[in-house]
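A quick write-up on the structure given underneath.
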Amino acid sequence: MLTNLEKAEKRWGGANKLIDQWLNHRRKLLIQYFIVAGLAPYSRAEKSLPSLEQVKDFCDQLVDYVSEGHFEVYNNVVKACEKFGESSIETANKLLPKISESTDIALDFNDKYTEATDDNILYQLDSDLSQLAQAMESRFELEDQLLEVLHNRHS
């Protein structure tokens, strides 16, 4: 996921302040994910579970990222697509519902862990993080397709 992010940053970095900010937030989200999941290079010295507080902090970043996409970035991309033709609008309309599927998974993850009061829920974390990672990887690919369409047709 970080490799694909680096490709996206090289491809679209500097083209738009909002896109730069969004990709930076994606990077921060991925780093926090690796920390919570205990993955290299951020693995914990001990093979212990993260604290519930660390997971809740990750959830905050997750919701911020998802919200930023839906309420800022996608709206701007769709507006730009509207200016440049029917095929761009059609592509955006195909991709956005697919992106929304990952939003539901992210929000379910957030609800489960931010409402948790018992650390025992952390024993389900690996499985839930795996499902979330698959959804977010698909989301990032779809978001990048949306940016690529915009870039190829309209830059």
Side-chain angles (χ1 to χ4, degrees), residues 1-42 50 54-116 121-122 124-155:
M1 283 191 279
L2 281 175
T3 302
N4 289 339
L5 172 62
E6 290 171 357
K7 289 177 185 175
E9 289 171 333
K10 286 180 184 174
R11 182 84 176 140
W12 303 294
N16 179 294
K17 184 179 174 183
L18 180 61
I19 300 300
D20 288 344
Q21 173 186 311
W22 190 40
L23 291 174
N24 184 46
H25 290 166
R26 186 189 293 183
R27 176 175 292 284
K28 289 179 181 180
L29 176 66
L30 286 172
I31 290 169
Q32 191 64 33
Y33 171 83
F34 290 133
I35 291 169
V36 169
L39 299 173
Y42 304 100
Q54 286 176 307
V55 176
K56 288 181 179 185
D57 288 344
F58 168 69
C59 287
D60 289 343
Q61 282 188 324
L62 179 63
V63 170
D64 287 349
Y65 180 84
V66 169
S67 298
E68 181 178 28
H70 280 285
F71 299 114
E72 291 181 51
V73 179
Y74 303 156
N75 287 339
N76 285 342
V77 170
V78 169
K79 285 178 189 173
C81 287
E82 288 172 353
K83 292 179 188 176
F84 296 108
E86 193 63 36
S87 67
S88 295
I89 295 169
E90 188 177 310
T91 300
N93 288 336
K94 285 180 184 174
L95 292 175
L96 291 175
K98 293 178 184 178
I99 292 171
S100 292
E101 292 172 16
S102 64
T103 299
D104 295 339
I105 293 169
L107 294 178
D108 288 346
F109 181 93
N110 175 69
D111 292 346
K112 181 176 184 175
Y113 287 95
T114 57
E115 294 173 5
I121 196 166
L122 294 174
Q124 300 170 24
L125 184 62
D126 281 345
S127 173
D128 292 340
L129 280 172
S130 178
Q131 180 185 11
L132 178 66
Q134 290 173 352
M136 294 308 290
E137 187 168 14
S138 293
R139 178 193 194 90
F140 299 153
E141 289 172 8
L142 293 166
E143 290 172 345
D144 290 351
Q145 287 177 30
L146 191 62
L147 293 175
E148 184 66 24
V149 167
L150 184 66
H151 181 266
N152 283 344
R153 293 185 184 158
H154 316 300
S155 60

How about His25 and Asp64: do any of their side-chain heavy atoms sit closer than 4.5 Å? no
So does Asp126 get a backbone contact from the side chain of Ser130, meaning a donor-acceptor N/O pair under 3.5 Å? no
Taking side chain as C-beta onward, heavy atoms only, is Phe58 less than 4.5 Å from Gln54? no
Minimal non-hydrogen separation, Leu122 against Pro50, with atom names: CD1-O, 3.1 Å
With a cut-off of 3.5 Å and sequence neighbours excluded, list every side-chain donor-acceptor pair involving residues 28-35.
residue: Tyr33; atom: OH; partner: Leu129; partner atom: O; Å: 3.4

d(Asn4 CG, Glu143 CD) to nearest 0.5 Å is 12.0 Å
CG on Asp108 to CD on Gln131, rounded to 0.5 Å: 8.0 Å
Look up atom CG in Leu107 and atom OG in Ser67, then write down how far apart they are to the nearest 0.5 Å. 7.0 Å
Return the minimal non-hydrogen interatomic distance between Asp128 and Lys112, and the atom names on each side. OD2-NZ, 2.8 Å
Once rounded to the nearest 0.5 Å, what's the spacing between atom OH of Tyr65 and atom NE2 of His70? 10.0 Å
Who passes side-chain hydrogen bond (donor to acceptor under 3.5 Å, both in side chains) against Asp144, sequence neighbours left out? Arg26
Strictly below 4.0 Å, N to O, side chains only: are Lys10 and Glu6 in salt-bridge contact? no
Under the side chain to side chain contact (heavy atoms under 4.5 Å, CB included) criterion, do Leu125 and Val36 qualify, and how do the steps go? CA-CA 9 Å; Leu125 184 62; Val36 169; 4.0 Å; yes
Between Ala8 and Leu23 the two heavy atoms that sit nearest each other are O-CD1, 3.9 Å
Do Lys56 and Asp60 come within less than 4.5 Å of each other through their side chains, counting heavy atoms only? no
Would you say Phe109 and Leu62 make side-chain contact, with heavy atoms under 4.5 Å? yes
Is any side-chain heavy atom of Arg139 less than 4.5 Å from a side-chain heavy atom of Val66? yes
Exam field: side chain Ser102 to backbone Lys98, donor-acceptor pair closer than 3.5 Å: no
For Leu96 and Tyr74, what are the C-alpha separation, side-chain angles and deciding distance, and is it a side chain to side chain contact (heavy atoms under 4.5 Å, CB included)? CA-CA 8 Å; Leu96 291 175; Tyr74 303 156; 3.8 Å; yes
Which pair of heavy atoms, one from Ala92 and one from Pro97, lies closest together, and at what distance? O-CD, 4.5 Å
